[in-house]
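Take a look at the structure set out below.
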Amino acid sequence: MHVYFHYRVNLFLSRAFVNHLRKKMYGSLNPQQYEAVTADIHKPLQIIAGPGTGKTKVLTSRVAYLLIEHKIPPSNIIVTTFTKKAANEMVERLQTLFVKENLDPSKYLKGLLIGTFHSICVKLLRRYGTLIGLSSKFKIADEQDSNTILNKVLTSLSDDVIRLKVHPSSVSIDIYQKDAKETDKLDGYDLKKVKSQISKLKSLTTTPQIYSATSARSFDLAVIYSLYQESLRKHNLIDFDDCLLYTYLLLSETKLKGVVLLKELKHVLVDEFQDTNKIQMELLYLLGRCTEDQKFEDNVTVVGDSDQSIYMFRNAVASNFENMITHYQNCQQITLKENYRSTSNILNFSEQIMTQQKDRKQKSLRSQKSHLNIPIVYVRTQNTFKEADHIASEIAKLGLMPSLLTNYNDIAILLRSSFQSRVIEQSLVTNRIPYEVVHGRAFWELKEIRVAMDYLRAVVNDSDKLAILRTLNFPPRGVGNKTLQKLEELIDKSNCSVIETLEMAIDDKKNGFLNVKSENGVSQYIDILKECGKLLDSGSLDCETSLEACFDQIVKLANLKEIKKTLETSKRTHDSEIALKAVEENLNEFKRQLVEYKPIIDQIITTETDDTSLTPRDVLSNFLDSIDLYETSNNENKKDSKKGRVTISTIHGAKGLEWPVVFIPGCTDGVIPSKWTLEDNGPNSSTNLDEDRRCFYVALTRAKSLLYLSSYKERSTPWSGEESNEVSCFLKPTLKLFQEQLVTSISKMSRNSWKDLYEAMGKEYKSVSKVLTESNRSRDHIVSTKDFLQSKQFKSPLLNKSTSAPTYVPDRSNHKRRRLGVRRRI
DNA sequence: CGACAGGGAGTTTTT
DNA sequence: CTCCCTGTCG
């Protein structure tokens, strides 16, 4: 009643205002977008949004529509995004939207539940996990933790289990090493394979109990799965997939009643729907049923594009689109067809590639830039060095064109695999082109980062057994493996915290539990932790400063900067200095992430946890969780230079992004599509090939104006000589069809194309002929790029001698500077 | 029992 | 080239 009244009054008072809003906020939407944003909110909705069709805009507007026009409280809405970055971006967009309309964003957004599926699930589990017997203090197992645990399970399997391998009614699943040796500790199991099978089971909502009760199962896998899960529980850990699995259990086992937070849930929105897996699909169905108000049942909106499904390897099922249609009888579907991103050449080219896939619905995207005719640049080079130099030289040329390119941020180089980056980075360095490698997990897997993480974990939680055992003797303090094992046994028996147990071991001199060397090592270690812990709790410093102080102290006391030296005592090349610097830079980057860490923009998610300042300890603990959820924000280092940097990223990392200029090197069989896909002759081979093709499609459709493709004939690998490679089988047929629209370099483009390029880039056309003549004078750009750039005749706005080296280069530790292909003249 | 040196194996994509 | 594992020395 009350609510109803309130609603009417508001509606009455502000009709004019709402109309005004409608015009302003939705005026920029095209008819299909508008339809999607304002579609019946009491029905399930699918929005099929091909590349560049304004997906984020539509999703954001729909959230705003729910908040403003339907007056749904933000805390009754859940939005799942693919990454934390995407979540932050949405919040930002919403904020600006509200600010523009003179509305207080915090009022409209406070309590909005937005984030990745995983982080939302963890939030629910922290609050309601006890309902399904989960400790509220659980931690998330990182990759290392779950590897250690699984490894232990596999090394201590009893003979009974091993005998199950050959049990006649056991379903055979490949979880074994290729050529197991007699002496193998893991009894012939392949840790990675086992892990991925367990992960697969979890993604299918299969618990160990369910799996063990299934008749068609692998007998030994069932046991291993149970043991693994048991061990996680003993450590008070949940792994990555468990975040979803436990939430699924929480919501499905009638316990739902206890989940107060979701009783008034009124809408669930899912971004990047094509990348959801089975359990996420099920979670969506469950979430749709949480509400106690029937009117709001099944109010879900999903957005995605099955052509961009590139996470099948992570158990994503693009057929969730069809699944959803069958699940709801009244599901509405709206397709967005206007493409605002790419020129029609790029769009047609990528569509042509996709027609190779069988059983695919043809897309009829319309380019809003169809009047522009800019060719696609394609070259086939002799080897990867030449390819890299070609890229550098083209970037340099772009930079020299009068007022065409004002910022390197407009350029991206997209790779299928991260190993491709090495050669390219070298060429960019030589040519003084600033770049930035967007690192996915790679950064967090660096030794120094992992160790720093473990120390932080040990400081923040004196019972983090795994982290403590890993750091206790790293760097070496005289506590060897034998002692570590003994200590672990002691810890497992003890009721005290891990650190207390260690202290007891030191004091227990009568039994001579530790030898002198070990004793010293352990007490030294405990001192380090105490010392650093003090800095966290001092209270006199503000949060950021104490976190920074704590981190610095860890680096200092644990001597983390010397890590590389510890690891390779023998090698003393002059490269060790470079390695040292790299370690230092990486640690600094990590520190920056720590100090600048913010949960999700401005903590719109403060709900009822009193935001009366979290202690440094809490913040640190949240930070560590967010890393385990792969939630770290990619650094946005825009401030350090007005000229920006070229982005180097994997295609997977480039999802949802766009650039005016995109390079896709390695359009070569073995890279795109990858070697593994090509060599696979199994039953899934064509499905896998399709996924690689979609990956290529995603890469192509990131480009707005200028698309560069290249393939190479040979790749020399340091330890296996030369490999020769065909042009990508995706590209071959299409190249012929598009012959007319291809050039080998921008210097071969026609005058009209140049004009179009300038227009596409939003710049006023300036004659480029002078630059081109000069550049053509030297016969071979590849050889002369560098000299050409340094010639005084043309001052590039983008290049100068002080261009700094890249901020961060992933583990470049010992790599010797190779002589670049540039030098091999004649 | 711990530190160290030398051999063998291995390279997708990541929430 | 670099990580991990194993065998030997102090």
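Under a cutoff of 6.0 Å and an axis angle of 45°, A:Lys193 and A:Tyr176 do not form a cation-pi pair. Cation-pi geometry between A:Arg126 and A:Phe138 is met: the NZ or CZ atom falls under 6.0 Å from the ring centre, inside 45° of the normal. By the 6.0 Å and 45° rule, A:Lys447 stacks over the aromatic ring of A:Phe474.
Scanning atom types as modelled, no donor and acceptor separated by under 3.5 angstrom connect the side chain of A:His652 and the base of B:dT14.
Taking atom NZ of A:Lys482 as the reference point, atom P of C:dG7 lies 13 Å away to the nearest angstrom. Atom CG in A:Asn481 sits about 14 Å away from atom C1' in C:dG7, given to the nearest Å. The interatomic distance linking A:Glu445 (CD) with B:dT15 (P) rounds to 11 Å, in whole Å. Spacing between atom CG of A:Asp142 and atom P of B:dT14 amounts to 17 Å, rounded to whole angstrom units. What separates CG of A:Asn515 from P of C:dG10 is a distance of 20 Å, to the nearest Å. A straight line from CZ of A:Arg450 to P of C:dC4 spans 7 Å, rounded to a whole angstrom. Between A:Glu143 atom CD and B:dT13 atom P there is a gap of 13 Å when expressed in whole angstrom units. Whole-Å rounding puts the A:Phe419 CZ to B:dT13 P distance at 9 Å.
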Side chain to side chain contact (heavy atoms under 4.5 Å, CB included) assessment of A:Gln280 paired with A:Val270: CA-CA 10 Å; A:Gln280 287 167 330; A:Val270 179; over 6 Å; no
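Residue A:Ser518 has a polar side-chain atom (N or O) positioned under 4.0 Å from OP1 or OP2 of B:dG2. Look at A:Asn473 and you'll find a side-chain N or O under 4.0 angstrom from OP1 or OP2 of B:dA3. In this structure, A:Lys85 does not reach the B:dT14 phosphate: none of its side-chain N or O atoms is under 4.0 Å from OP1 or OP2. Here A:Ser418 does not reach the OP1 or OP2 of B:dT11: none of its side-chain N or O atoms lies under 4.0 Å away.
In terms of heavy-atom proximity, A:Lys278 sits nearest to A:Val317 at N-CG2, 3.7 Å.
Using a 4.0 Å heavy-atom cutoff across all strands shown, A:Lys655 reaches no nucleic acid atom at all. Within the 4.0 angstrom heavy-atom criterion, no nucleotide atom of any strand lies near A:Thr677. Counting any heavy atom pair closer than 4.0 Å across all strands shown, A:Asp275 reaches no nucleic acid atom.
Of the listed nucleotides (B:dT13, B:dG2, B:dT14), B:dT13 has the atom at the smallest distance from the side chain of A:Ser417. Of the candidate nucleotides B:dG2, B:dT13, B:dT15, B:dT15 has the atom nearest to the side chain of A:Arg314. Minimum atom distance to the side chain of A:Arg416 is reached by B:dT12, of the listed B:dT11, B:dT12, B:dT14.
For A:Trp676 and A:Thr83, each mapped to the nucleotide of DNA chain B holding its nearest heavy atom, the one lying further toward the 5' end belongs to A:Trp676. Toward the 5' end of DNA chain B, the nearer of the two residues A:Phe82 and A:Lys517, judged by each one's closest nucleotide, is A:Lys517.
Here the straight-line distance linking atom CG of A:Leu113 with atom CG of A:Leu269 works out to 12.0 Å at 0.5 Å rounding.
Stacking between A:Phe313 and B:dT13 is shown: the ring centroid lies under 5.5 Å from the centre of the six-membered base ring, and the planes differ by under 30°.
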